[in-house]
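First the structure, in the form of structure tokens, and then the observations on it.
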Amino acid sequence: MTSLTINVDPSRHISPVDPRIYSGFTEHMGRCIYGGIYDPDNKHGLSDPKTGFRKDVLAALKELNVPIFRYPGGNFVSSYRWQDGIGPKHLRPRRPELAWLTEESNQFGTDEFMEFCKVMGAEPYICLNMGTGTLEDALAWLEYCNSSANTHYANLRRENGHPEPYKVKYWSLGNEVWGPWQVGQMESQDYAKEAYQWAKALRLLDPSIQIVSCGETGYADWDRVTLKKLVPVVDYHSIHIYTVSEGDHSVNVMGPAAAEKAIDITKSLIDLAKIESGLDKEVTVCFDEWNVWDPVRAPGEKGAEEHYDLSDAIAVASWLNVFVRKADVVKIACIAQSVNVISPLITTPSGLIKQTTFYPLKLFANLMRGTSIDVHVSSPSYQGKTVPDFISKLEKQDRGKYTKWIDVSGVLGTNNDLVRLAIVNRHPLESFTVPISFGPECALVEGAPVKVYEVWSENLKDSNYRGDGEQGEEKVKIVEKELKADEWSGKYLLKAHSFQVLEFRLIGNF
Ligand code: AHR
Ligand code: AHR
């Protein structure tokens with residue numbers, strides 16, 4: 001029988017947690033933009049009359065402290081003409097849209113997105129069209145957004161009422177260019193050559209930008225080939241993974257193990273490319289699409305409106321644990337997506353539903369900041385089927401390293417005076433009483449309470465969504481508790497399928 005312990009030594013620093021791992025993604029897809037963040041014709045007074053932004057959506061996103069929004073896709077970008085989305089709205093053309101087979105009205109475009117980011121206090125991140133788009137279009141977009149020169153596109157921005165450059169720092173070179181569903185799919189070698197030239201030219205126009213290469217899952221040959229060529233010219237390599245339950249809770253909550261493995265492999269591929277190029281530079285991972293998504297349950301072409309349950313919230317908590325544990329490698333991560341489309345938030349014409357997955361995200365985004373620490377966890381591991389199946393095969397040799405039932409990440413708070421542990425009991429049925437110890441050179445502050453923020457509910461199928469689309473009773477939400485010092489026994493009862501953040505005050509050397 002595997003022992004059950006959590007040992008915390010706050011001097012075992014991994015790396016500062018980059019707040020940008022709590023970033024978002026707003027694609028022109030389904031009801032993410034139109035009817036999500038932008039709803040100028042809302043009949044219930046929910047939108048700001050000046051900007052058309054949904055006030056309830058923006059308020060909920062503010063609770064998540066989102067540092068960056070990625071835009072405008074996703075698959076959408078691969079046939080997007082950004083020039084259609086600027087200037088007087090009545091002159092903007094409607095276009096066929098080839099990613100999700102809809103029509104694009106172009107009533108929301110670059111300037112509206114920049115305004116949205118400004119209102120949100122977030123940084124914009126633009127993904128470039130490497131499908132139908134040319135390098136010339138990409139340079140024009142960069143010039144429109146960032147240039148202060150007396151040149152055509154910079155002047156066009158001024159004419160459109162925006163005298164100051166937007167200073168967009170993050171630019172990525174295409175979206176999922178490897179995918180057969182992508183307009184303009186390419187072979188890895190071809191993409192690498194093209195992207196190299198794009199990166200060079202973009203930097204000539206604006207040397208201050210940070211560039212993201214288009215990766216696949218992080219463990220694909222595409223990643224190896226493109227990193228080898230692109231490491232000298234990019235700052236981040238992007239990877240995308242969606243996990244799926246196939247109707248099984250254990251498969252659902254063990255899904256993020258694939259992301260953890262992917263990050264390890266990507267780090268090695270980056271290192272390999274650095275060795276081969278002889279360069280001494282930092283390249284990190286931008287995990288710019290992640291989430292629980294079952295495209296059969298919620299097809300992209302139908303707007304991918306997932307209705308999440310408690311099991312999905314537990315899976316999302318495990319996803320976020322991966323990013324905190326891998327804080328040294330993952331510097332940006334964007335949940336896909338921010339509203340309506342595979343999202344923690346669902347709008348109706350008259351309101352907003354905070355889905356189950358909203359709550360773990362909110363706890364992480366607000367509490368799991370500071371320095372990631374290497375927490376030692378002994379826990380029995382899951383041994384069943386995984387998706388993808390290579391995880392269960394690798395885990396035999398890795399002795400269940402990524403598939404522990406008790407899944408933990410830890411942070412040392414910014415003032416070095418508290419430790420927070422994000423603990424997921426992924427088991428569908430069993431609760432565990434786990435000893436939590438601190439040391440060797442630290443101890444709990446005498447008399448200090450232990451704070452607990454819990455996300456749990458009786459039934460794994462519990463959801464906050466009601467069939468008619470209105471907000472149901474919030475079955476899954478955050479419950480806060482406080483254990484007085486004399487109530488803390490050194491052990492904590494982790495209920496079956498529960499997520500909690502525990503906060504401890506510590507003194508000592510760390
Ligand atoms: O986020 C939904 C879609 O998933 C994105 O458009 C695409 O990049 C991915 O396949
Ligand atoms: O996982 C790939 C996604 O699944 C594609 O973006 C979309 O077309 C499909 O629904």
Side-chain angles (χ1 to χ4, degrees), residues 2-10 12 14 17 249-250 252-257 260 310-327 356-357 359-382 400-413 418-439 444 449-457 460 476-483 487-506:
T2 320
S3 63
L4 208 58
T5 51
I6 297 177
N7 295 113
V8 184
D9 175 357
R12 289 173 62 95
I14 295 173
V17 174
H249 167 75
S250 300
N252 200 20
V253 292
M254 293 301 163
E260 192 146 16
L310 174 65
S311 174
D312 300 316
I314 301 289
V316 161
S318 279
W319 259 107
L320 291 160
N321 266 348
V322 170
F323 296 140
V324 174
R325 281 196 292 267
K326 298 292 172 194
T356 60
T357 55
Y359 292 106
L361 189 56
K362 178 172 172 177
L363 285 179
F364 271 89
N366 288 284
L367 301 176
M368 298 304 283
R369 289 166 177 254
T371 302
S372 173
I373 53 173
D374 184 12
V375 179
H376 175 78
V377 180
S378 296
S379 152
S381 295
Y382 167 72
K401 186 175 163 199
Y402 296 126
T403 50
K404 292 175 185 170
W405 285 116
I406 311 292
D407 180 49
V408 184
S409 72
V411 292
L412 176 60
L418 60 80
V419 159
R420 292 193 179 115
L421 301 178
I423 311 177
V424 190
N425 177 3
R426 301 194 262 198
H427 204 289
L429 302 169
E430 271 187 62
S431 58
F432 297 100
T433 300
V434 188
I436 304 179
S437 58
F438 298 88
L444 295 180
V450 177
K451 278 215 76 166
V452 180
Y453 305 81
E454 183 186 82
V455 177
W456 177 79
S457 172
L460 278 168
V476 179
K477 58 187 174 210
I478 298 167
V479 175
E480 292 190 31
K481 305 176 206 174
E482 196 168 84
L483 295 176
E487 291 171 308
W488 175 249
S489 64
K491 293 180 174 184
Y492 194 79
L493 171 72
L494 302 170
K495 286 182 240 174
H497 55 73
S498 64
F499 168 57
Q500 43 264 298
V501 176
L502 267 50
E503 182 179 291
F504 302 90
R505 299 266 151 201
L506 293 184

Holding to side chain to side chain contact (heavy atoms under 4.5 Å, CB included), I want the full list of residues that pass it with [X], two or more places apart in sequence or in another chain.
{"X": "A257", "answer": "I391, Y402, T403"}
{"X": "K495", "answer": "E454, W456, K481, S498"}
{"X": "K404", "answer": "V377, S379, S381"}

Ring pair (Phe, Tyr, Trp, His ring centres under 6.0 Å) against [X], all qualifying residues, sequence neighbours excluded:
{"X": "F504", "result": "F438, W488"}
{"X": "Y382", "result": "W405"}
{"X": "F323", "result": "F287, W290, W319"}

Shortest non-hydrogen contact from [X] to [Y]?
{"X": "G410", "Y": "L421", "answer": "CA-CD2, 4.0 Å"}
{"X": "N425", "Y": "Q500", "answer": "N-NE2, 4.4 Å"}
{"X": "A496", "Y": "P428", "answer": "CB-O, 3.9 Å"}
{"X": "P256", "Y": "A315", "answer": "CG-O, 3.6 Å"}
{"X": "P360", "Y": "A313", "answer": "CG-O, 3.5 Å"}
{"X": "E482", "Y": "P449", "answer": "CG-CB, 3.5 Å"}

Query raised in the report: Can you check whether V324's main-chain N or O pairs, donor with acceptor, with S372's side chain at less than 3.5 Å?
Result: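 At least one qualifying donor-acceptor pair exists.
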Distance, nearest 0.5 Å, that separates [atom1] of [X] from [atom2] of [Y]:
{"X": "L483", "Y": "L502", "atom1": "CG", "atom2": "CG", "result": "7.5 Å"}
{"X": "L494", "Y": "I406", "atom1": "CG", "atom2": "CD1", "result": "5.0 Å"}
{"X": "I478", "Y": "L367", "atom1": "CD1", "atom2": "CG", "result": "8.0 Å"}
{"X": "T357", "Y": "L310", "atom1": "OG1", "atom2": "CG", "result": "11.0 Å"}
{"X": "I436", "Y": "T5", "atom1": "CD1", "atom2": "OG1", "result": "10.0 Å"}

Once side chain to side chain donor-acceptor pair (under 3.5 Å) is applied, do any residues pair with [X], and if so which ones, sequence neighbours excluded?
{"X": "R325", "value": "E260, D407"}
{"X": "E480", "value": "K451"}
{"X": "R505", "value": "D417"}
{"X": "S437", "value": "N7"}

Query raised in the report: For K477, which residues count as a salt bridge (charged side-chain N to carboxylate O under 4.0 Å, His left out) partner, sequence neighbours excluded?
Result: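 In terms of salt bridge (charged side-chain N to carboxylate O under 4.0 Å, His left out), with neighbours along the sequence ignored, K477 is linked to no residue.
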Would you say that [X] contacts [Y] through its side chain, given a criterion of any heavy-atom pair below 4.5 Å between the two side chains?
{"X": "V424", "Y": "V253", "value": "no"}
{"X": "M368", "Y": "L320", "value": "no"}
{"X": "L506", "Y": "L444", "value": "yes"}
{"X": "N321", "Y": "F364", "value": "yes"}
{"X": "D9", "Y": "I373", "value": "no"}
{"X": "V450", "Y": "Y492", "value": "no"}
{"X": "V375", "Y": "V419", "value": "no"}

Report task. May I have all residue pairs that pass salt bridge (charged side-chain N to carboxylate O under 4.0 Å, His left out) and include part of residues 373-382, sequence neighbours excluded? Result ->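 Qualifying pairs, neighbours excluded: R12-D374.
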